[in-house]
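Structure first, then comments.
Just so it is clear, the values below take in all heavy atoms, side chains as well, and ignore hydrogens, waters and symmetry mates. Order of appearance sets the numbers: ligands from 1, and atoms from 1 within every ligand.
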Amino acid sequence: TSSHGQGPFIAAIDQGTTSSRCIVFDRDGRIVSVDQKEHEQIFPKPGWVEHNAAEIWTNVQEVVAGALDKAGISKEDVKALGITNQRETTVLWDKATGEPVHNALVWQDTRTDALCKELGRNVGQDRFRRETGLPLASYFAGPKIRWMLDNVEGLRQRAEAGEILFGTMDSWVIWNLTGGPNGGVHVTDVTNASRTMLMNLQTLNWDERILSSMDIPAAVLPEIRSSAEVYGYAKGALDGVPVASALGDQQAALFGQTCFSKGEAKSTYGTGTFLLLNTGDTPVNSYNGLLTTVGYRIGDQAPVYALEGSIAVTGSLVQWMRDQMGLIKSAAEIETLASSVEDNGGAYFVPAFSGLFAPYWRSDARGVIAGLTRYVTKAHIARAVLEATAWQTREIVDAMNKDSGVELTALKVDGGMTSNNLLMQTLADVLDAPVVRPMVAETTCLGAAYAAGLAVGFWQDTDELRANWRRAAEWTPRMDADTRDREYKNWLKAVERTMGWIE
Ligand code: G3P
């Protein structure tokens, strides 16, 4: 409002699952302007999800221009540009032309099911867990690269000859921003690399042994760098602006929520939901279905690790109710509809659309609505949709407690779905713990901006960033223990019913 006018500023690009956006921040971490554009979701077959990477790059350029325009500033006012992105989504492109060789395979895509099963045969799902912190699942990038190498004609040969580059969306955007075929830098950061299933969590390098078991040529891989350093300088509209951070969106949200100390956690409610707990300088193994991942690394400081509980479908279930079912006209309407009834009427909705992620990692699961009777209306289903997000969070929190031995005292939340009051109340109820939301709910972009600002000395240290965190809202539990226990049991019964659907 008042002091926004004076720069300088940091801009952050969030290349997300459903849209790309750019946000300009001032020194206090306040939003100066936002521009956003959705891209097409391509569903060629059941379980397949693709994006057009060229469309995404065009959108990214548009939203950057748009955000600067809305802020009324020029590139000279932007001290650095940070990048954050939907993770695991995989693109391969021609180094000479910059043309993607295939649509990007989105993290939600399950086509590598059989490949993952094959890779785990005899040894099981945990074949690469010790090195990578991840179970074998179609979610991660490595198997997606392999699928394209096997299925796009002539691609393997070209890849081996060094003509093809791989990237998650951070690499794709940075390469294009810094010149594309004319000198673009081919890098990724430790957080994004930790989702490929190809990076060793201890050395933070590509793991030779895994590359050879997955049959992926090292020639396609980007260089792994820290999350906060100058990778290169933009060409084009932002000519000369340092490109100074990259973090997977969930890690960026951890950073934006200033969870810099061991034991701090956040949960982001977007198309999916991802709860990350800072575990300090050691990677903690999970015995309860969580992922071990890199939280962030600032320049040449020691890396910070995290435990993650990933839920594939939360906000995207609301979108599905709107776009595929036509039961609501806008995403916001889900709250009004759900609030028109007292409870779920006995219905439970387990949206295992991409299989089940944490803590189950079952690619063979598919969605169910259980407990239907003639009594159930679309309002009850709307309620079950919101409850699904809450119960899935509860399962992750239980797993975190078991792995870390730490009881949750409060949950820091952010992301688009946190504007849904009924959902936030339900969350506090099923967790039996307070839920708190900061002033800036756009913590993903904020985290990328923070990291970029640290890299160029715009902010001095993490203490300065912490001072910007302000509480905006809090929800406290109201549900009685009996109801909670009964509902949790019913939810778990419904979850059982999703498994083994795909042979
Ligand atoms: O791992 C997938 C995650 O990074 C996607 O996040 O916010 O685009 O749903 P979002």
Review point. When you measure from the side chain of K266 to the backbone N and O of L411, does any donor-acceptor pair fall under 3.5 Å?
Key: no
Check your understanding: Under a 4.0 Å heavy-atom limit, does R195 contact ligand 1 with its side chain, its backbone, both, or neither?
Key -> neither
Check your understanding: What protein heavy atom sits nearest atom 2 (C) of ligand 1, and how far off is it?
Key -> E88 OE1, 3.3 Å
Check your understanding: Do NZ/NE/NH1/NH2 and the carboxylate oxygens of R437 and D414 come within less than 4.0 Å?
Key -> no
Exercise for review: Please work out whether the ring planes of W361 and Y139 are parallel, tilted or perpendicular, with thresholds of 30° and 60°.
Suggested key: parallel
Check your understanding: In the protein, which heavy atom is nearest to atom 9 (O) of ligand 1, and how far is it?
Key -> T271 OG1, 2.2 Å
Point to revise | Contact check: Q86 vs ligand 1, nitrogen or oxygen atoms, below 3.5 angstrom | key: no
Exercise for review: Please identify which atoms of ligand 1 are closer than 4.0 Å to at least one heavy atom of G272.
Suggested key: 9 (O)
Revision key, fill the gap. Rounding to 0.5 Å, atoms CD (Q392) and CD (E387) come to a distance of 12.0 Å
Check your understanding: Any idea which heavy atoms bring L92 and I164 closest together, and the distance?
Key -> CB-CG2, 4.1 Å
Point to revise | Which of the ligand 1 atoms, numbered from 1, are nearer than 4.0 Å to a heavy atom of Q250 | key: 6 (O), 7 (O)
Study note, to complete from the structure: In terms of heavy-atom contacts, Q86 and V106 come closest through OE1-CG1, 4.1 Å
Review point. Which residue holds the protein heavy atom closest to atom 8 (O) of ligand 1, what is that atom called, and what is the gap in Å?
Key: T17 OG1, 2.5 Å
Review point. Among all protein non-hydrogen atoms, which one is nearest to atom 7 (O) of ligand 1, and what is the separation to 0.1 Å?
Key: D249 OD2, 3.3 Å
Review point. Can you list the atoms of ligand 1 that are under 4.0 Å from a heavy atom of Y139?
Key: 1 (O), 2 (C)
Exercise for review: Salt-bridge test for D35 and K70: reply yes if a basic N is under 4.0 Å from a carboxylate O, no otherwise.
Suggested key: yes
